[in-house]
Number of protein chains: 2
Amino acid sequence: MQTKYSKVIQVIKSRILDGTYTPKQKISSENELMKEFEVSRHTIRVAIGQLVNEGWLYREQGAGTFCADRKENRNSSSNKRNIAIVTTFISDYIFPSIIRGAESYLSELGYQVSLYSTNNDIDTEKRILENILSQQVDGVIIEPTKSAYSNPNINYYFNLERMNIPYIMINAFYDELEPICLVVDDEKGGFLQTEHLIKLGHKQIAGFFKTDDTQGVKRMKGYIKAHRKHQIPINPKNIISYSTEEKRTKPAAELKKLIDLQTDVPTALVAYNDELALMLLDVLRESKLKVPQKMSIVGFDDSFLAQASEIKLTTISHPKMKMGEQAAKMIVELVESQHQSTKQLVESVIFEPELIVRHSTSEQKES
Amino acid sequence: MQTKYSKVIQVIKSRILDGTYTPKQKISSENELMKEFEVSRHTIRVAIGQLVNEGWLYREQGAGTFCADRKENRNSSSNKRNIAIVTTFISDYIFPSIIRGAESYLSELGYQVSLYSTNNDIDTEKRILENILSQQVDGVIIEPTKSAYSNPNINYYFNLERMNIPYIMINAFYDELEPICLVVDDEKGGFLQTEHLIKLGHKQIAGFFKTDDTQGVKRMKGYIKAHRKHQIPINPKNIISYSTEEKRTKPAAELKKLIDLQTDVPTALVAYNDELALMLLDVLRESKLKVPQKMSIVGFDDSFLAQASEIKLTTISHPKMKMGEQAAKMIVELVESQHQSTKQLVESVIFEPELIVRHSTSEQKES
DNA sequence: TCCGATTTGTTCGTATGTATG
DNA sequence: GCATACATACGAACAAATCGG
């Protein structure tokens, strides 16, 4: 955005999309906008002129400028259907599988699949939602960004609802919305990871959790519950939480610290996911700590990474492709029922996680 | 017609309609119009601005204002642009990175990105191309399916050209089309893989190539060239080629056969890509052949898999994200130049592969 | 019904930046 | 390098419509 007027356009458009300006509502006068943006009236008029031309606003001389009602604009004339898939990361890890599951189903039905990635960044999510709202999208499959925090973009979701665009959340969801969602029972997953280690006799179990996603928070909760159930005290040092931005450095650094301790060195690790488990494995190799003899480790997601290395990871199952396919089926049902009068009942699905035992865990002998 | 600018609009419009201004002809400059109508330049700009918005004229900075060809009106109403990305596999391997590179660039420009995967299957490719041709797609980034074979869907590509939908091929291309493409110099890559091993003293080098893609065929060619250059005879048994459908079984089985040989057992392996290298590594582990002491292995693509296992793979670089981003930039240029009269020159790019030496290769001592 | 404040509509003047040929 | 033509931006003035008192 180079020019001043395009900046004005951008801001006003996003106010329409996030619900600051609702249909038929009068927006600020040219004079007020001049002061707000510190530009001349001319510049404001150029910006508003363009928005009027694009159908976002309409002007009434003497009265003011008003927000247009774009709902009536959406002509269902086009028979082509368009589903948007929004994930945090396109390229990493299990997402390609989820996307593939959805794509193969949707593409076969002649749907178009549009892809967006937020990089787990709130501002990018905002931009994408604006994009979706201003284009012709019939349904959205979305993985929430930074789902553990309250989301400033929540209004965009309400706008989706107002425009009758159904959406389904995968992997996590924002509590406030109570959306239809497809999630793994992450708390149970974390519980299974930890209980498996406890049953093998481990008492000092370090847990690494990415806590800007609900997934991480819930897995940590399961980790704690397992300790409680088996009445094993938790050493606070053994819980390491990190954010997306820290993922390449903090967990590895913290593990090194733990290993160098003189007392209460952990004998087992619970990793937020397989990707992290592999990073931790690298640290363990450097420290010449053999897995599983000297250190047990449990991953999460049963991704291809779990079997990539020489140590085949014990991990927790994740439906991946199935989740994508299921989400696709559900969004199709919702979209089709939108165009008919029949109201289908589509309900959230919670996938049960399962422990997959491989060779990265072993019994802890009494010391 | 009260206002001055509407008088100007009226006159210019009638000049277009009566043929005074014919399509693509330059109309009088703003300065000339000022004098003619005896109004200020601003008034002229308001009038022309409205005519541009209605599609009667278009402006080109530095050149002038021109009469539009209203015959080509078709879908000029939609200012949203749509790029289709077609790859063989969405979820596998390096494609997520390519897609991500393209998505991040396109999405920022407000383009919509539609995703399709052919699973390297000709019939699916056909269905997808039909889909694309019947929907509003402004540009296509496509990885050819089974690029080593002649393609029965070639007509669909000609159809794209006929409909003025630009397309760019990545990773490989169909010779017949001579398209704009973005590829790695696979022959040189295969050459680098092999020469590296030869220089380390290896003489029995087995090569595994997926030969339904051009990539595999070219890498094999490089493998052969390296042998020729260093005057090392090739044992025919050492070349294993396979197709997409066989990839999960044949290479591993063939490697087992090679290992069990009594004479001329290979001391080094050239793998089609990192994914295959990892599968071969699993076979070597089973056979207790230590890498790199007893067996050297070179991958291709420098994917995350190259560093996932305990053995960090020596491999060949692949631009991945950069390739996706570059493809996105090029298709945008092509699409935008389509809507103007200016013809941009976009040329194919060949990426130079580089050898990345890690720990999966070592010197072969004279036996 | 009229008045005055507000808001958008039209017009002019001026200046600087940037792309084209 | 230069002239031409469009792009962006600011300031000022008056007209026309709306709305509340």
Side-chain angles (χ1 to χ4, degrees), chain A residues 1-13 15-16 20-21 23-68, chain B residues 1-13 15-16 21 23-68 79 109 332-333 336-346:
Chain A
M1 293 297 165
Q2 307 257 349
T3 62
K4 295 191 183 180
Y5 77 84
S6 61
K7 171 75 183 161
V8 176
I9 288 176
Q10 194 191 359
V11 172
I12 294 179
K13 202 188 259 185
R15 281 188 194 161
I16 296 169
T20 309
Y21 296 145
K24 298 189 180 176
Q25 186 194 325
K26 184 176 173 302
I27 74 165
S28 318
S29 75
E30 293 177 353
N31 241 310
E32 288 166 330
L33 292 170
M34 277 171 70
K35 284 172 199 157
E36 184 188 339
F37 290 99
E38 294 178 326
V39 295
S40 72
R41 179 152 172 248
H42 179 93
T43 306
I44 298 292
R45 281 190 64 76
V46 168
I48 290 182
Q50 190 166 134
L51 288 167
V52 167
N53 257 308
E54 287 173 11
W56 297 92
L57 303 173
Y58 59 93
R59 297 194 263 213
E60 280 180 21
Q61 190 176 162
T65 306
F66 303 84
C67 180
Chain B
M1 296 292 168
Q2 309 243 346
T3 63
K4 296 192 185 179
Y5 78 87
S6 58
K7 173 75 183 163
V8 176
I9 287 176
Q10 194 191 4
V11 172
I12 295 180
K13 204 186 262 182
R15 280 186 195 164
I16 296 169
Y21 296 144
K24 297 188 179 177
Q25 184 193 326
K26 184 174 172 304
I27 73 166
S28 319
S29 77
E30 294 179 352
N31 244 310
E32 289 166 330
L33 291 170
M34 274 170 71
K35 284 171 200 158
E36 184 188 339
F37 290 97
E38 294 181 324
V39 294
S40 77
R41 184 157 167 249
H42 186 91
T43 306
I44 298 293
R45 280 189 64 75
V46 170
I48 290 183
Q50 190 163 135
L51 287 168
V52 167
N53 260 310
E54 287 172 13
W56 297 91
L57 303 172
Y58 61 94
R59 296 193 262 214
E60 276 181 29
Q61 192 177 160
T65 305
F66 302 84
C67 181
N79 55 346
L109 289 185
V332 165
E333 261 186 50
E336 314 248 295
S337 75
Q338 202 95 67
H339 286 251
Q340 294 160 14
S341 60
T342 57
K343 286 232 164 172
Q344 287 274 356
L345 239 179
V346 177

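Bear in mind the structure is a predicted one, so any value in this text is a computation, not a measurement. Just so we're on the same page: letters track the sequence lines, and every chain starts at 1.
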Counting only side-chain N and O atoms of [X], is one of them less than 4.0 Å from OP1 or OP2 of [N]?
X	N	value
T43(B)	dT10(C)	no
R45(B)	dA7(D)	yes
T65(A)	dT8(C)	yes

Determine the contact category for V39(A): base if any of its heavy atoms lies under 4.0 Å from a base atom, sugar-phosphate if only primed atoms, P, OP1 or OP2 are that close, otherwise nothing.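 If one applies the 4.0 Å heavy-atom cut-off, V39(A) turns out to touch the sugar-phosphate alone, with no base involved.
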Output the rounded distance in Å from [atom1] ([X]) to [atom2] ([N]).
X	N	atom1	atom2	answer
I44(B)	dA7(D)	CD1	C1'	16 Å
K4(B)	dC14(D)	NZ	C1'	12 Å
K7(A)	dA9(D)	NZ	C1'	18 Å
M34(A)	dT8(C)	CE	P	12 Å
L33(A)	dA9(D)	CG	C1'	17 Å
H42(B)	dC10(D)	NE2	P	14 Å
N31(A)	dG9(C)	CG	P	14 Å
R59(B)	dT20(C)	CZ	P	16 Å

When you measure from the side chain of E38(A) to the backbone N and O of K35(A), does any donor-acceptor pair fall under 3.5 Å?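 Side chain of E38(A) to backbone of K35(A), a donor-acceptor pair under 3.5 Å: no, none is there.
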Heavy-atom donor-acceptor pair, E54(A) side chain to L51(A) backbone, under 3.5 Å: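 No; zero donor-acceptor contacts below 3.5 Å.
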Taking for each residue the nucleotide of DNA chain D with the nearest heavy atom, is it Y5(A) or A63(A) whose nucleotide lies nearer the 5' end?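 Whichever sits nearer the 5' end wins; that is Y5(A).
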Mapping E32(B) and E38(A) onto DNA chain D by nearest heavy atom, which one lands closer to the 5' end?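 The residue closer to the strand's 5' end, by nearest nucleotide, is E32(B).
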Name the orientation class of the two ring planes belonging to Y58(B) and F66(B) (parallel below 30°, tilted from 30 to 60°, perpendicular beyond 60°).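 Parallel, since the angle between the ring planes stays under 30°.
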Determine whether the side chains of S28(B) and Y21(B) contain a donor N or O and an acceptor N or O closer than 3.5 Å.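 Per modelled atom types, S28(B) and Y21(B) side chains form a pair under 3.5 Å.
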Nearest-nucleotide wise, let me know which of R41(B) and R41(A) is further upstream toward the 5' end of DNA chain C.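 The residue closer to the strand's 5' end, by nearest nucleotide, is R41(A).
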